[in-house]
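See below for the structure under consideration.
Quick note: numbers below take in every heavy atom, side chains included, and nothing from hydrogens, waters or symmetry partners. Count residues from 1 along the sequence. In this text the structure is predicted, and so the values were computed from the model without any measurement. Numbering of ligands and ligand atoms starts at 1, following listing order.
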Amino acid sequence: MSEISEEPRPSRTATMPAVEAAFEEIAVDEPLVGIIMGSKNDKSKMQPAGAALQEAGIRFEVRVMSAHRDPELVREYCTNARLRGLRVIIAGAGMSAALPGVAAAHTDLPVIGVPILGKSLGGLDALLSVVQMPPGVPVACVAIDGAKNAGLLAARIINC
Ligand code: RP5
């Protein structure tokens, strides 16, 4: 039997408190879902997605970026999404709603599209833009103004 040492061994947390704290912070703060939308005017329509995620205890972030007005920003955000720890992207847009499809073109994460009801065509414009993706670039599509289901679906993807 080995001798019992007088000096207690330093614990892991005692030797690297700063590193431990930094990792804890990363684990707490890192969002798992990115909610993006084509206009700040889409915010109220997309809010139920955030509410559903919050209820499920899933961290998320919200960004406004248009596939047509800010194509470079969309490319950069979606290209880096997996590296930043995101697991799902929810993308909402109205009218000629290219955002979900463009997001899916720049990431291999699951993308959930939310067609948003605009001022004409009863939202059919956005619905068809989101749902009619060509083979090889998958986008899941919820109902027109169906942001709540987008949040619930993202939670199911993360929890499965
Ligand atoms: C889309 O065009 C947006 O997602 C929005 O739903 C629609 C109109 O944009 P705003 O003119 O309200 O900024 O890109």
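- Considering backbone and side-chain N/O atoms, Met95 never comes within less than 3.5 Å of an N/O atom of ligand 1.
- For the pair Asp42 and ligand 1, a heavy-atom separation below 4.0 Å is found.
- No donor-acceptor pair under 3.5 Å is formed between the side chain of Arg87 and the backbone N or O of Leu32.
- Atom CZ of Arg84 sits in a crowded spot, with more than 12 heavy atoms from other residues, nucleotides or ligands closer than 6.0 Å.
- Residue Ser39 holds the heavy atom nearest to atom 13 (O) of ligand 1 of all those in Ser39, Gly38, Ser129.
- Proximity to Asn41 (heavy-atom distance under 4.0 Å) selects the following atoms of ligand 1: 10 (P), 12 (O), 13 (O).
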Next on the checklist: Before you tell me yes or no, could you show the steps for Arg63 and Ile35 under side chain to side chain contact (heavy atoms under 4.5 Å, CB included), namely the whole-Å CA-CA distance, both residues' side-chain angles and the distance that decides it to 0.1 Å?
Outcome noted: CA-CA 6 Å; Arg63 299 275 189 281; Ile35 300 178; over 6 Å; no
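- For Ser66, no nitrogen or oxygen atom sits less than 3.5 Å from a nitrogen or oxygen atom of ligand 1, counting backbone and side chain alike.
- Within 6.0 Å of CD in Gln54 there are 12 or fewer heavy atoms belonging to other residues, nucleotides or ligands.
- Each of the atoms 9 (O), 10 (P), 11 (O), 13 (O) of ligand 1 lies under 4.0 Å from some heavy atom of Arg69.
- Judged by distance alone, the side chain of Asp145 and the main-chain N or O of Leu117 form a donor-acceptor pair under 3.5 Å.
- Ligand-side atoms of ligand 1 in range of Ala93: 4 (O), range being under 4.0 angstrom from any heavy atom.
- Between Cys78 and Thr107, the shortest heavy-atom distance links the atoms O-CB, 3.4 Å.
- No N or O atom of His68 sits closer than 3.5 Å to an N or O atom of ligand 1.
- Nearest protein neighbour of atom 2 (O) of ligand 1, counting heavy atoms only, is Gly94 O, 3.8 Å.
- By the rule that hydrophobic residues join a cluster once side-chain heavy atoms approach within less than 4.5 Å of another member, Leu109 and Ile90 end up as members of separate clusters.
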